[in-house]
Amino acid sequence: EMLRSLVGSEMCIRDRNRTLAALKQTFPRMRLGDLVHTAGRLRAGLPVVVKQREVQDTGALTLTLEDGPMLPLQAEPHPAFEHAWFGLKALLYPIVPFAYDCLEGPALEEDVALLEADLGRALPAELKSLLSLHDGQRAAGPLLWELAPICERLMTWQWLNRSGHPLEWWNPDWFPVFSNGSGDYLVLDLSQPEPPLIEYRHDEEERIVVAPSLSSWIAQLHEELCTGQLFASTVDGRFSGLTRVVPTEPRMQVIRFDYS
């Protein structure tokens with residue numbers, strides 16, 4: 001409760017730094033990764049357990065984040081999603097294993113239950129299949145967009161619902177799953193029995209259906225990699241994400257820089 005009072009119930013996405021600052025001031029020895037994770041869970045209304053422990057070799061006190069007895073999500077297999085996901089992984093992992101090594105572990109059962117209660121509906125089966133594998137990422141992952149953790153998705157959804165946008169701009173039935181880090185999202189339309197994946201850009205009125213489902217979008221990425229429309233980018237020898245090949249005008253020279 002003391003932690004929750006630090007951040008307040010009305011804080012939203014743009015106050016992330018303020019939340020981190022308050023936590024850092026109260027728990028100066030907490031690791032940065034735990035601070036970020038704790039702040040996100042608190043602001044999304046998700047449970048947090050913080051435990052103080054003593055480091056044996058130095059005697060110093062540190063604070064570490066623990067998720068208590070909460071269990072990882074167990075979801076029914078979704079054949080189309082699993083075929084698409086593991087097909088893409090079979091293609092990319094031998095080339096850029098870091099793209100998968102940076103993915104976080106599965107979501108927690110309690111987090112998903114709280115998310116569904118907030119949404120007022122069950123999550124689509126294919127999204128649960130994804131969450132049973134990974135909930136967020138630490139760096140560039142295997143998809144064109146970033147997989148945001150549940151706490152960030154829930155905060156984004158709450159914030160957009162409070163923003164007062166007209167329905168043609170933002171619809172409460174849309175749930176953000178992926179982000180590009182610039183205020184744009186790929187959302188699932190939860191009002192549909194088979195939710196399509198829609199591109200929401202905060203500074204554009206047009207809303208594009210990028211794929212009829214999450215599974216088909218991942219399968220589409222696989223096909224584009226095989227046909228050369230996408231390629232894995234590296235900077236200084238490290239994977240930096242997938243990049244789409246942009247068609248060029250006639251006689252326009254394309255300059256490619258080699259960072260390896």
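With Trp145 contributing its side chain and Leu186 its backbone, the two residues share no donor-acceptor pair below 3.5 Å. The closest donor-acceptor contact from the side chain of Glu109 to the backbone of Gln74 lies under 3.5 Å. The backbone N or O of Tyr200 sits nowhere less than 3.5 Å from a side-chain atom of Arg207 that would complete a donor-acceptor pair. Checked by atom type and distance alone, the side chain of Asp173 never pairs as donor or acceptor with a backbone atom of Asp189 at under 3.5 Å.
A distance of 13.0 Å separates CD of Glu152 from CH2 of Trp159, quoted to the nearest 0.5 Å. Atoms CG and CG, from Asn180 and Leu144 in turn, are 10.5 Å apart once rounded to the nearest 0.5 Å. Between Leu119 atom CG and Leu154 atom CG the span is 7.0 Å, to the nearest 0.5 Å. How far OG1 of Thr227 is from CD of Gln229: 3.5 Å, rounded to the nearest 0.5 Å. Here the CG-CG distance, from Leu73 to Leu123, works out to 9.0 Å after rounding to the nearest 0.5 Å.
Looking at every heavy atom in both residues, Ala125 comes nearest to His78 through CB-CD2, 3.7 Å. In this structure, Ile150 and Asp135 approach most closely via the heavy-atom pair N-OD1, 2.8 Å. Of all the heavy atoms in Leu92 and Pro142, the pair that sits closest is CD1-O, 3.7 Å. Shortest non-hydrogen contact noted between Val112 and Ala107 is CG2-CB, 4.1 Å. Closest approach of Trp157 and Trp170 over heavy atoms only: CD1-CZ2, 4.0 Å. Scanning all heavy atoms of the two residues, the minimum distance from Ser129 to Glu76 falls at OG-O, 3.4 Å.
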Pairs under 3.5 angstrom only: tabulate donor-acceptor contacts from the side chains of residues 208-215 to other protein residues two or more places apart or in another chain.
| from | atom 1 | to | atom 2 | distance (Å) |
| --- | --- | --- | --- | --- |
| Ser213 | OG | Ser216 | N | 3.1 |
| Ser213 | OG | Ser216 | OG | 3.0 |
| Ser215 | OG | Phe81 | N | 3.2 |
| Ser215 | OG | Glu126 | OE1 | 2.5 |

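Under the salt bridge (charged side-chain N to carboxylate O under 4.0 Å, His left out) criterion, the residue pairs touching residues 96-107 are Glu104-Arg138, with sequence neighbours excluded. For residues 83-100, there are no salt bridge (charged side-chain N to carboxylate O under 4.0 Å, His left out) pairs, not counting sequence neighbours.
Side chains of Gln158 and Asp118: a donor on one and an acceptor on the other come within 3.5 Å. When only modelled atom types and interatomic distance are considered, Ser240 and Ser233 share no side-chain donor-acceptor pair under 3.5 Å.
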Starting from the C-alpha separation in whole Å, work towards a yes-or-no answer on side chain to side chain contact (heavy atoms under 4.5 Å, CB included) for Ile218 and Leu130.
CA-CA 11 Å; Ile218 295 173; Leu130 172 58; 5.8 Å; no
Report the C-alpha separation of Phe175 and Leu190 in whole Å, then their side-chain angles, then the decisive distance to 0.1 Å, and conclude whether the side chain to side chain contact (heavy atoms under 4.5 Å, CB included) test is met.
CA-CA 7 Å; Phe175 182 66; Leu190 301 184; 3.7 Å; yes
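Listed by chain and residue number, Phe178 satisfy the ring-ring contact (aromatic ring centres under 6.0 Å, His included) test with Trp217 (two or more places apart in sequence, or in another chain). For His222, there are no ring-ring contact (aromatic ring centres under 6.0 Å, His included) partners, not counting sequence neighbours. Scored by the salt bridge (charged side-chain N to carboxylate O under 4.0 Å, His left out) test, Glu199 finds Arg201 as partners (sequence neighbours excluded). Considering only residues two or more places apart in sequence or on other chains, Pro195 meets the side chain to side chain contact (heavy atoms under 4.5 Å, CB included) condition with Pro124, Leu188. With sequence neighbours left out, His202 forms a side chain to side chain donor-acceptor pair (under 3.5 Å) with Asp184. For the salt bridge (charged side-chain N to carboxylate O under 4.0 Å, His left out) test, residues two or more places apart in sequence or in another chain that qualify with Glu116 are Lys128. Here Glu224 pairs with Arg244 under the salt bridge (charged side-chain N to carboxylate O under 4.0 Å, His left out) rule; sequence neighbours left out. Here Ala140 pairs with Phe239 under the side chain to side chain contact (heavy atoms under 4.5 Å, CB included) rule; sequence neighbours left out. With sequence neighbours excluded, the residues forming a side chain to side chain contact (heavy atoms under 4.5 Å, CB included) with Ser179 are Tyr185, listed by chain and number.
Considering only heavy atoms from C-beta on, Leu242 stays 4.5 Å or farther from Phe231 through its side chain. Here the side chains of Leu88 and Leu225 are in contact, with some heavy-atom distance below 4.5 Å.
Within a 6.0 Å sphere centred on CD of Glu204, heavy atoms belonging to other residues, nucleotides or ligands number more than 12.
Between Trp85 and Tyr100, the angle of the ring planes goes over 60°, which puts this pair in the perpendicular group of the 30/60° scheme.
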